[in-house]
Amino acid sequence: ATFAFGPEAFSLDPGCRGLSSPLQAGTMSDTTPVKNSMGEVVLASSGMVVKAGGTFELPIKVDRPSVLRIRFEVDEGYDVEFSLKFLEDAKDATMQTLVQPAKSTAREGQLDIHTTGTCVVVWNNDYSWINPKSLTYHLSLKSKEDIERDRAIEMARLAELKKIAHKEAIAARRKARAAMITELEGKVAEMIANEHGARGRLMAKQGELKRLEQLYNAAKAGVTAVADEADTAEQLAADLQEKLSTLLDESAMDEEDGDDVE
């Protein structure tokens, strides 16, 4: 098959209401194609009128295998009969109907074209003899070659972004790890400083305790010496008392002997 145009690519529901995103009103009102920066051939119009009882056909030349994206919406909730036709460039080719006519208020989808020729977008209002239909449409045609090239460029860009993101993630992990190491080193240094401070205070307390022990021992020795002196003085006083008693006794005896002589 030279065409791929199915429900998975293009909504075939005649009752489709609204688009996946709203069409923006443009300034174009003719069928002049414009090639944008992405290589797409764009045809767009806002307020294009299909007269009552009339038909509007928009031919699009396809000179390479391409993808045609179609979006349109009828104003004020009206519907219009939409269909798609294609005429190949082959000598004996005949017009093929790719999408059967169906009334729609809005449609969105894409046509996968594998050959060259002319695609004709048809909006038919011949069943309405009173009401003209105003619609906004946006058609874009892009070659498969450009699509594949853009896809390859995008994949390369994403691969490069992934590589950059991977490098940034590694750098971020290294930075976080370095910051953590620095923080831990700071905490270890602080703990070591605290330990040194505590050890210094302990040594100072031990020195103070030793000094107090020396003072205590000196005081204890002093007390012992004073006690010994007190014991010696007490003994000396006792000896003196004993001698004094002896002398007093001798003196009394001498007085008695003197009385007897008289």
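What you see below is based on every heavy atom in this structure, not just the backbone, and it leaves out hydrogens, waters and symmetry mates.
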* Would the number of heavy atoms belonging to other residues, nucleotides or ligands and lying under 6.0 Å from CD of E234 be above 12? -> no

* To do: Could you label the plane-to-plane angle of the F72 and W123 rings as parallel, tilted or perpendicular, counting under 30° as parallel and over 60° as perpendicular?
  => perpendicular

* Asked: Heavy atoms, side chains only, cut-off 4.5 Å: are L139 and L58 in contact?
  -> yes

* To do: With sequence neighbours excluded, tell me which residues meet salt bridge (charged side-chain N to carboxylate O under 4.0 Å, His left out) with R173.
  => none

* Asked: Hey, does the side chain of T97 reach the backbone of Q100 with a donor-acceptor pair shorter than 3.5 angstrom?
  -> no

* Asked: Does a side-chain N-to-carboxylate-O contact under 4.0 Å join R71 and E108?
  -> yes

* To do: Please check if atom NZ in K51 has more than 12 non-hydrogen atoms from other residues, nucleotides or ligands closer than 6.0 Å.
  => no

* Structure fact -> Residues at least two apart in sequence or cross-chain that pass side-chain contact (heavy atoms from CB on, under 4.5 Å) with E213, listed by chain then number, are L209

* Could you list the residues that satisfy side-chain contact (heavy atoms from CB on, under 4.5 Å) with I164, not counting sequence neighbours? => E160, E168

* Is it true that a side-chain atom of K142 and a backbone atom of I147 form a donor plus acceptor pair closer than 3.5 Å? -> no

* Can you name the residues that form a salt bridge (charged side-chain N to carboxylate O under 4.0 Å, His left out) with K144, not counting sequence neighbours? -> D112

* Quiz item: cation-pi between K103 and Y127, 6.0 Å / 45° -> yes

* Side-chain touch L84/V120, heavy atoms, less than 4.5 angstrom -> no

Side chains of residues 183-206: which donor-acceptor partners sit under 3.5 Å, not counting sequence neighbours?
{"unit_1": "N194", "atom_1": "ND2", "unit_2": "E190", "atom_2": "O", "d": "3.2"}
{"unit_1": "E195", "atom_1": "OE2", "unit_2": "R199", "atom_2": "NE", "d": "2.8"}
{"unit_1": "E195", "atom_1": "OE2", "unit_2": "R199", "atom_2": "NH2", "d": "2.7"}

* **With R211 via salt bridge (charged side-chain N to carboxylate O under 4.0 Å, His left out) - residues at least two apart** => E208

